[in-house]
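Report on the structure given below.
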Protein chains: 2
Amino acid sequence: MKSSQVTIKDIARELGISPSTVSRALKDHPDISQETKRLVNELAAKYNYKPNIIALSLRNQRSNVIGVIIPEIVHYFFSSVISGIEEVANEHGYSVMISQSVEDYNREVAACDTFLNGIIDGILVSVSKETANYDHFHRFEEEGIPIVFFDRAVDEILADKIIIDDFDGAYQATEHLIVQGRRKIVHFAGPQNRLIGQNRLNGYLKAMRDNGVVIDERLIIPCDTFQSALVETQKLIDSGLKFDSIFTVNDFTAAGAMKVLLRNGYKIPTDIAVVGFGDDQTSLMVEPTLTTVNQPGFEMGKKAMEQLIRRITQSKPEPPVTEILKTQLIVRESSRVK
Amino acid sequence: MKSSQVTIKDIARELGISPSTVSRALKDHPDISQETKRLVNELAAKYNYKPNIIALSLRNQRSNVIGVIIPEIVHYFFSSVISGIEEVANEHGYSVMISQSVEDYNREVAACDTFLNGIIDGILVSVSKETANYDHFHRFEEEGIPIVFFDRAVDEILADKIIIDDFDGAYQATEHLIVQGRRKIVHFAGPQNRLIGQNRLNGYLKAMRDNGVVIDERLIIPCDTFQSALVETQKLIDSGLKFDSIFTVNDFTAAGAMKVLLRNGYKIPTDIAVVGFGDDQTSLMVEPTLTTVNQPGFEMGKKAMEQLIRRITQSKPEPPVTEILKTQLIVRESSRVK
DNA sequence: CTGTTAGCGCTTTCAC
DNA sequence: GTGAAAGCGCTAACAG
């Protein structure tokens, strides 16, 4: 913020007119004479005049800045969401301020504090894994700052939510394996204290039941990272349990499982089929390419931002909406035999 | 930005004192009596008073906001950099505004325009691959807004730069291959209009020469994405040219090359060794694991932000500095035979 | 120890 | 068609 910027006052002085006239001329106000407008605009161009956003924000009580609180940027899914947010924000003249919670409750609260200082017009939040208390979010409601949750929402808070249909995604993935003739389907499951892990597990269970496949509890294993997949897949192999496929809660876990399977001499998908979740970039890079469930991160970001803008600009209050985005099964080599 | 926020004026009115007294009391100014301070602070707490950042920015001519222009957030390296930036920004009370160029010159210019509206105290930039004209960056200099380049810098602009020792990283990678007995080393090179691409190529060339390895121009191929690697690697194989290893400008390109090699029946590393650059998450997930060059992204973000803060807060101008961060060769399975 | 005033840059009513 | 004045929220010089 360099103060040397040309202001309306500077232009007014040089032209020997008042700042208000300059202001009006710049906005093409009908009252102002063509001649004055010409002079003002010429000088503004010459000096490369730029309205001072801060002054405008102060006057309009609107900053056109929105805040985003996100667990971790370094995940393909979340950075896709950010891209979507940015896309829509750009189109509508909003700037985006980002703060990472790094899955840490205290940092999430701190980020909220920062955003409560009055700089933002609204906020987009995906809740950290750790968070169990939601007071910090309630404060936005109290201040009348619109809040839209994405991906990881909070049931207890009445606000707009844009989420993924995790249940259906897992259902599709599991049913796909069944259709491919698999019956002994392992599920590497996410943490069951989180909706996302629950829904994906439930989708798996429902698909199994609906298709009359026997559910073997021993094939449902808590495992949701690349590293733990390296360990758990080996343990699974060593256990001697029969299985013909693995459906994992995310793509990293699938990549880990694939690696161990290949190293143990299994052919994918002939011996063991693998299906991930997320459609991360990695799913194309592994060999064979990974069948996975696409989560529309970019679209989610766009929808969340659109909804937030709607809230910011709405004249009369409207009830909160929850939008559930459909996932899409992307069949690739790691599961396709027929 | 809800206008219903409590202001200093509100507190002053309620206490029957002047706004300036309230302001001073809140900052624990020595002139103010303990009693007044107590009253003011109590009321401020009761009404949950928060100073209006916008008003402060206008008054102080400082927003404590910095801008970041980055090619793509959805790259592990860049999102690591952002995390580093955020880390330091948080510590020092700065907020971070992010804009992606998506490797598009026009969007980069647009992002600069947005940031030139006076909201930011300084800017961090990593230049898009496309960019060949640098006028949009010069404008920050003209406005007196400090600019620090990271990773992809611009030689033509006199500014602080935090970059990676790409030359040395490429040198190490190439020499490693030579030590492993490779001689016909392919280089999938980055764009030569960017320093980064040049330096990595030059490191490769120097290592070849220093070790008396004949350089075959046909083995130096412009190719820097996963997709193009799929194409170029196949073309390379079909060309009948002899080669025993590939050193790629980044890990995605390496992943693409590996995939095609494997599909053509080559053993990695026995037949062909592969070395990437970046130490992306992917490098652990591919099979075999990928030898690569670690780039300290998080550290780069921290250093860049620290340097920017130094510029913003410096009293007298100082000459620009360039900091070159060391890379580290991470030897994994894709290249190790001995 | 506290109040008055002015001003950061801009817009907008009201007046002429 | 244009200008003067006030105010968005805050602070600092100046005055008592």
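Lettering of chains follows the sequences in order, A, B, ..., and the numbering in each one begins at 1. Computed from a predicted model, the values in this text were never measured in an experiment.
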Looking at the side chain of [X], which of [options] is the nearest nucleotide?
X	options	value
Pro51(A)	dC10(C), dT2(D), dT11(D)	dC10(C)
Ile32(A)	dT2(D), dT2(C), dC10(D)	dT2(D)
Asn52(B)	dA13(D), dG9(D), dA4(D)	dG9(D)
Lys9(B)	dC10(D), dC10(C), dC8(D)	dC8(D)
Leu58(A)	dC10(C), dC1(C), dG9(C)	dG9(C)
Arg24(B)	dC8(D), dC8(C), dT4(C)	dT4(C)
Lys27(B)	dG9(D), dC1(C), dT11(D)	dT11(D)

For [X] and [N], give me the distance from atom [atom1] to atom [atom2], rounded to whole Å.
X	N	atom1	atom2	value
Leu26(A)	dT2(D)	CG	C1'	15 Å
Asn60(B)	dG7(C)	CG	C1'	13 Å
Arg38(A)	dT2(D)	CZ	P	13 Å
Leu15(A)	dG3(D)	CG	C1'	14 Å
His29(A)	dT13(C)	NE2	C1'	11 Å
Ile8(B)	dT5(C)	CD1	C1'	16 Å
Tyr49(A)	dG9(C)	OH	C1'	7 Å
Ile54(B)	dT11(D)	CD1	C1'	17 Å

Sugar-phosphate only, base, or nothing, as touched by Ser20(A) at under 4.0 Å among non-hydrogen atoms: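 Since a base atom lies under 4.0 Å of Ser20(A), the category is base.
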Please check the phosphate of [N] (OP1 and OP2 only) for any side-chain N or O of [X] closer than 4.0 Å.
X	N	value
Gln61(A)	dG9(D)	yes
Thr21(A)	dG1(D)	no
Ser23(B)	dA12(D)	no

Considering only NZ, NE, NH1 and NH2 on the basic side and carboxylate oxygens on the acidic side, decide whether [X] and [Y] come within less than 4.0 Å.
X	Y	result
Glu306(A)	Lys303(A)	no
Lys46(B)	Glu42(B)	no
Glu91(B)	Lys302(B)	no
Arg24(B)	Asp31(B)	no

DNA chain C: 5'-proximal contact among Pro19(A) and Pro19(B) (nearest heavy atom):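 Comparing both residues, the 5'-ward one is Pro19(B).
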Which residue lies more 5' along DNA chain C, comparing Val22(B) with Lys50(A) via nearest heavy atoms: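 It is Val22(B), whose closest nucleotide lies nearer the 5' terminus.
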Pairwise 5' ranking along DNA chain D for Asp31(B) and Leu56(B), keeping only the more 5' one: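 In this pair, the answer is Leu56(B).
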Pairwise distance OH(Tyr134(B)) to CD(Glu108(B)) - rounded to 0.5 angstrom: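 Spacing of OH (Tyr134(B)) from CD (Glu108(B)) equals 9.0 Å.
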Chi angles and distances behind the side chain to side chain contact (heavy atoms under 4.5 Å, CB included) call for Ile17(A), Val40(A): CA-CA 10 Å; Ile17(A) 60 181; Val40(A) 167; 3.9 Å; yes
